[in-house]
Amino acid sequence: MDLKQKYYALYGDNERTDLRWTQLEALIEKAKKERPKALKKQDEGGNGWYLSEKMAGMMLYVDRFSKDLYGFEDKMDYLSELGITYVHFMPLLKAREGNSDGGYAVSDYLEVDKKFGTMRQLEKVVGLLKKKGIRTCIDFVLNHTAKEHSWAKECCKGNPEYQDMYHMFEDASLPSQYEQTMTEIFPEVAPKNFTYYPELGKYVMTRFYEFQWDLNYSNPQVFNKIVEVLLTLANKGIDIFRLDAIPYMWKELGSSCMNHPKVHELLRMMYQILQEVCPSVIFLGEAIVEPHEIVKYFGSKQEKECNVMYNASLMVLLWNSLATRDVRLMERSMAKDYGVPADGVWINYARCHDDIGWGFETGILKDLGLDPQLHKQFMIQFMLGRYPGSFSVGELYEFNPVTLDARNSGTMASMCGLEQALKEKHQYKIDLAIKRILLLNSIIISYTGIPLFYSGDEIGQLNDWTYKEDKEICGDSRWLHRGKMNWQDAEKRNDRGSVQGRIFSGIKEMLDCRKSCEYFSSSIKSIPVDLGNQAVFGYHKENKMMFLANFSETEQWVEASYFDWFGLPGEMHDMLTGRPIRSYNNRILLGPYEYIWLI
Ligand code: GLC
């Protein structure tokens, strides 16, 4: 279907659609014309670049990383040194004053927030990064705007055209009907999905925080305005748009207002527009939902939606494997074929700016003899650091005292045991914590997809407890893992005797290996193998390489007969260390948390 057909199919064949379609066509033409020459040249290469084994991302808050976009210029070499090839700037467009949900309440899409710099400076940085072979990703918060956005302000002036861009209701009857089927996102800090504004005399849909007003995509004007912003930003040189909170874009009474089929129609149109205007640009979708729903956001071969999606399942399963020293849930879940299209790529990550929510495949849990509710409680308590023997130090997020449900916050290093070990000055525990950190990194770097590092984790930054002193954010424990980059610690990255040096160089070496071998391209799939040892995760890459990872602190033996069937030679070596490994001895020894990449 061409774009026009899709547009009319979604918005109906009527005068309103005619008008909006004409406007959309015009803005697409304008963006095409305005696209700078250099970017047009880049477009000639298409967007297949994201499949390369060279890809490695880092996500960072500009203010926490380098104060602002001017300071960022001095830090670019640090990213290159680690081997980063794309940088994801956490929200940097103009956000509301005060609490802005970490910038996810945008008040102007076309301005850079002044605390970070200017749009000109962003463009400069994008250009400088490009010269270093680093692409730029920005957050595109398209489900909602801040209530301070000019569109929202127009609503407050009583302008009906703008009021139609949001979900507004005269009285509580429709909102309460919606509430019956809608889920809550922040049940503790921002319960319910609607807010009444006396000055407006209306209820507004506010699915996230009260100050984040949900856009109404059933109005083609919203689609057009958002596309206009998207193309304007694309023409500034942005390569990757992280589409925030996409499952919530379409709201319909009587539905959960999540993963609605019409969200997919919107995304397919947006993708088609990218192909027309800026075909080297890609979409990274943020949909932290069940695996069978996540994969739908890749679209199909004919009708693409997002090129890249967050692999939330792998992330959760990594932590699960560390806590339980049992990889069976991960192995079975990852072996499941959800129908990811050949060019759909996962972003593999262990931590990000958000909390960890324990979404498991309950069927597989039950097959393993585990009670899903009890197991979730175990994970919550373990990551919090309350379960006896736990190495993790973290906090609860969105704890519900009635159901005891919660998610968890904390940095990678603290949750891997480093905070506790350093506090105890326990060298052996420090070693174990570092091994855990590197183990998780070894999976995200080698498993098919793009590894994404969360700034600070590459030097083992600990939880930042100072957020509790800030009134604005102390109620949101996600700030525990959003600390400032500690550049003094980063100085130690080349000292292999330091914690920072061991982690940084460990990651760097793995990235170097990854980039040197085409088997790490995202077009080659990773396939889990049952090794008959529940502490060891094993996977091969279409019979070309084999990976073994011990998720326990005790040594483990693996019988090579579990995987030598696919013809790896009897004499192999670990790509990371060069150590020869003989599978014909039939048994391979793995030390505590050891991982090997066999080739
Ligand atoms: C995404 C972000 C999260 C934010 C939410 C609302 O899920 O990752 O940090 O709170 O969107 O914009």
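Both counts, for ligands and for their atoms, begin at 1 and track the order of listing. Computed from a predicted structure; not experimentally measured.
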Visitor: Does any non-hydrogen side-chain atom of Asn259 lie less than 4.5 Å from one of Lys296?
Guide: no
Visitor: Is it the case that Arg20 places NZ or CZ above or below the six-membered ring of Phe223, under 6.0 angstrom from the centre and within 45 degrees of the axis?
Guide: no
Visitor: If you have a sec, work out which protein heavy atom is nearest atom 1 (C) of ligand 1 and how many Å separate them, to one decimal?
Guide: Asp244 OD1, 2.8 Å
Visitor: So if I count the atoms of ligand 1 from 1 in the order they appear, which ones are less than 4.0 Å from some heavy atom of His144?
Guide: 6 (C), 12 (O)
Visitor: Below 4.0 Å from ligand 1: does a non-hydrogen atom of Phe186 turn up there or not?
Guide: yes
Visitor: Aromatic contact between Phe453 and Phe504, with the criterion being ring centroids under 6.0 Å apart: yes or no?
Guide: no
Visitor: Can you list the atoms of ligand 1 that are under 4.0 Å from a heavy atom of Glu286?
Guide: 1 (C), 2 (C), 7 (O), 8 (O)
Visitor: Against heavy atoms of Asp101, which atoms of ligand 1 measure under 4.0 Å?
Guide: 4 (C), 5 (C), 6 (C), 10 (O), 12 (O)
Visitor: When you compare the side chain of Ser255 with that of Thr181, does any pair of heavy atoms fall below 4.5 Å?
Guide: no
Visitor: Which of the atoms in ligand 1, numbered in the order shown and given with their element, are less than 4.0 Å from a heavy-atom of Asp354?
Guide: 2 (C), 3 (C), 7 (O), 8 (O), 9 (O)
Visitor: Which ligand 1 atoms are under 4.0 Å away from a heavy-atom of Phe208?
Guide: 5 (C), 6 (C)
Visitor: Both conditions, 6.0 Å and 45 degrees, for the charged tip of Arg482 above the ring of Tyr61: are they met here?
Guide: no
Visitor: Tell me whether the centres of the aromatic rings in Tyr454 and Tyr349 are closer together than 6.0 Å.
Guide: no
Visitor: I'd like to know whether ligand 1 has Arg242 as a neighbour, heavy-atom separation below 4.0 Å.
Guide: yes
